[in-house]
Amino acid sequence: MSNAAAVPTASPFLAACRGEEPSRTPVWFMRQAGRSLPEYKEARAGTSMLEACSTPELVAEITMQPVRRYGVDAAIFFSDIVVPLAAIGVDVKIVPGVGPVVAEPFRTEADVKRLRNLDPCDVPYITEAIGLLVEELGDTPLIGFAGAPFTLASYLVEGGPSRDHAKTKALMKSQPEVWHGIASRLAAICGEFLRIQVEAGAKAVQLFDSWAGALSEADYRRFALPHSTAALAGVANSVPRIHFGVGTGHLLEAMTETGAEVSGVDFRIPLDQAAKRLPDKVLQGNLDPAVVLADDAPLLAETDAVLEAARSAKGHIFNLGHGVLPDTDPGKLKLVVDHVHEATTR
């Protein structure tokens with residue numbers, strides 16, 4: 001980290017990211033901007049996801065909604081992992097109820113050349129939206145984000161979401177040079193997308209690897225780790241970096257080798273176990289998103305259990321162990337935020 005890491009900060013989130021002692025355990029939620037919020041649904045009415053992500057005023061409004069409602073300690077930039085792909089001309093659509101769908105999948109050496117570098121002028125709406133947000137957020141930090149190269153590549157190779165990632169794995173094994181060509185270009189695109197957000201004012205970033213859990217550790221190290229490391233390297237020494245994967249308990253140690261300062265932990269592994277395995281890492285997580293749908297008493301009990309399990313970690317940022325579920329009652333998330341703040345204020 002830069003010299004700024006040694007400077008005490010008023011933001012509990014940034015303090016925790018840097019391994020300092022925050023004034024309270026910071027809280028934010030993956031997918032807090034959208035999905036379950038009625039004001040989000042109202043704002044998004046009649047607008048496609050990619051249209052919404054390229055409209056600065058709408059991006060700023062949606063990003064701010066959970067900050068206003070919950071009092072979370074950080075905002076997560078409202079966007080989608082395929083935004084930079086659409087920006088460079090990839091024919092990708094986000095189909096409601098399905099996810100990203102790619103018209104012409106990427107599976108050959110010729111397809112590698114279809115992935116050109118991202119330029120800031122491709123995404124002027126990102127810079128504009130962050131400018132609006134920095135002004136409105138004040139002392140609340142904004143987290144920029146990108147999808148990890150493996151997850152983006154899996155969408156490109158499969159042509160859409162996949163349960164088994166069979167085409168992706170087959171390409172890795174049969175044509176590793178094509179795989180690495182696709183993934184390395186995506187790493188450059190992801191890295192530039194993160195850098196643009198940081199240059200515009202994001203105070204931290206998170207790299208999401210939604211599908212990395214489908215890989216064995218050996219395959220992760222060979223086919224994914226070098227590219228995630230390259231993507232995160234673009235913002236090294238500038239802002240704290242969080243790395244999160246789903247179903248990646250077997251990859252915790254390997255994923256730390258990307259250099260990220262904070263390790264996101266999904267809900268399948270107790271935080272005290274993660275802390276033993278990663279003694280030098282700040283941890284983020286990891287309440288099961290489904291528990292937020294439970295009654296208040298068990299919800300608060302589970303919240304306390306997460307806080308207790310995190311006590312042995314170098315530092316802790318409270319979050320869910322995956323994204324907010326669409327059926328979540330926003331009042332329950334507010335209850336969690338208030339409870340964590342009250343229980344941990346120092």
Side-chain angles (χ1 to χ4, degrees), residues 50 80-95 97-118 122 145-194 207-234 243-260 264 266 268 322:
L50 286 175
D80 190 273
I81 63 171
V82 300
V83 163
L85 299 183
I88 63 165
V90 175
D91 187 352
V92 57
K93 292 181 173 58
I94 301 173
V95 179
V98 177
V101 175
V102 178
E104 298 178 38
F106 287 60
R107 294 169 190 163
T108 68
E109 190 66 50
D111 290 328
V112 176
K113 295 169 184 165
R114 292 162 56 195
L115 291 169
R116 69 168 175 82
N117 288 336
L118 180 71
D122 295 319
F145 91 100
F150 173 78
T151 288
L152 288 176
S154 72
Y155 282 120
L156 293 183
V157 173
E158 301 286 342
S162 170
R163 289 182 180 273
D164 53 22
H165 308 279
K167 294 183 178 69
T168 302
K169 293 180 179 181
L171 181 69
M172 287 174 169
K173 303 294 185 176
S174 301
Q175 300 182 75
E177 69 289 346
V178 173
W179 167 262
H180 286 297
I182 292 171
S184 63
R185 292 211 177 192
L186 288 172
I189 291 164
C190 294
E192 182 63 9
F193 194 55
L194 291 175
L207 190 70
F208 289 83
D209 213 346
S210 306
W211 305 127
L215 296 174
S216 67
E217 183 180 352
D219 282 348
Y220 176 80
R221 288 182 176 279
R222 180 180 174 192
F223 296 110
L225 175 58
H227 305 296
S228 290
T229 303
L232 284 168
H243 194 15
F244 174 76
V246 182
T248 49
H250 61 301
L251 303 177
L252 278 184
E253 291 86 352
M255 289 176 72
T256 67
E257 294 176 25
T258 59
D266 83 1
R268 296 166 181 84
H322 198 189

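Computation of the quantities below employed the complete heavy-atom set of this structure, encompassing side-chain atoms and omitting hydrogens, waters and symmetry-equivalent molecules.
Contact between Ile81 and Tyr155 at its shortest, heavy atoms only, is CD1-CE1, 3.7 Å. Looking at every heavy atom in both residues, Arg222 comes nearest to Pro176 through NH2-CB, 4.1 Å. Counting all heavy atoms, side chain and backbone alike, Asp266 lies closest to Gly247 at OD2-N, 2.6 Å. Taking both residues in full, the closest heavy atoms of Pro105 and Val157 are given as CB-O, 3.6 Å, listed atom of the first, atom of the second, then distance. Closest approach of Leu50 and Val92 over heavy atoms only: CD1-O, 3.5 Å.
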- Evaluate the criterion side-chain contact (heavy atoms from CB on, under 4.5 Å) for residue pair Val178 and Leu171; output intermediate values, then yes/no. CA-CA 8 Å; Val178 173; Leu171 181 69; 4.1 Å; yes

- Task: Kindly indicate, with the supporting measurements, whether the criterion side-chain contact (heavy atoms from CB on, under 4.5 Å) is fulfilled by Asn117 and Ile88.
- Result: CA-CA 7 Å; Asn117 288 336; Ile88 63 165; over 6 Å; no

- Task: Mind running side-chain contact (heavy atoms from CB on, under 4.5 Å) on Glu158 and Val102 for me, showing each step along the way?
- Result: CA-CA 8 Å; Glu158 301 286 342; Val102 178; over 6 Å; no

- Message: Determine whether Phe193 and Leu118 satisfy the following criterion, side-chain contact (heavy atoms from CB on, under 4.5 Å), listing intermediate values before the conclusion.
- Response: CA-CA 7 Å; Phe193 194 55; Leu118 180 71; 3.9 Å; yes

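Looking only at distances, a side-chain donor or acceptor of Lys169 sits under 3.5 Å from a matching main-chain atom of Ala214. Using modelled atom types, one side-chain atom of His243 and one backbone atom of Leu207 make a donor-acceptor pair closer than 3.5 Å.
Applying the salt bridge (charged side-chain N to carboxylate O under 4.0 Å, His left out) test to every pair with at least one member in residues 98-114, sequence neighbours left out, gives these pairs: Asp111-Arg114. Pairs engaging residues 177-186 under the side-chain hydrogen bond (donor to acceptor under 3.5 Å, both in side chains) rule: His180-His227 [sequence neighbours left out].
Residues passing the side chain to side chain donor-acceptor pair (under 3.5 Å) test with Glu257, sequence neighbours excluded: Arg221. For Asp164, the side-chain contact (heavy atoms from CB on, under 4.5 Å) partners two or more places apart in sequence, or in a different chain, are Ser162, Ala166. Every residue meeting the side-chain contact (heavy atoms from CB on, under 4.5 Å) condition with Thr248, not counting sequence neighbours, appears here in chain and number order: Ala212, Leu251, Met255.
The distance from atom CE of Met172 to atom CG of Leu215, rounded to the nearest 0.5 Å, is 5.0 Å. Once rounded to the nearest 0.5 Å, the distance linking CZ of Phe106 with CD1 of Ile182 reads 7.5 Å. A distance of 9.0 Å separates OG in Ser216 from CZ in Phe223, rounded to the nearest 0.5 Å. Rounded to the nearest 0.5 angstrom, Leu85 CG and Cys190 SG are separated by 7.5 Å. Here CD of Glu217 is found 10.0 Å from CG of Leu252. Values are rounded to the nearest 0.5 Å.
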Ignoring hydrogens and angles, write down the donor-acceptor pairs under 3.5 Å from the side chains of residues 145-152, residues two or more places apart or on other chains.
unit_1, atom_1, unit_2, atom_2, d
Thr151, OG1, Asp209, OD1, 2.7
Thr151, OG1, Ser210, N, 2.9
Thr151, OG1, Trp211, N, 3.0

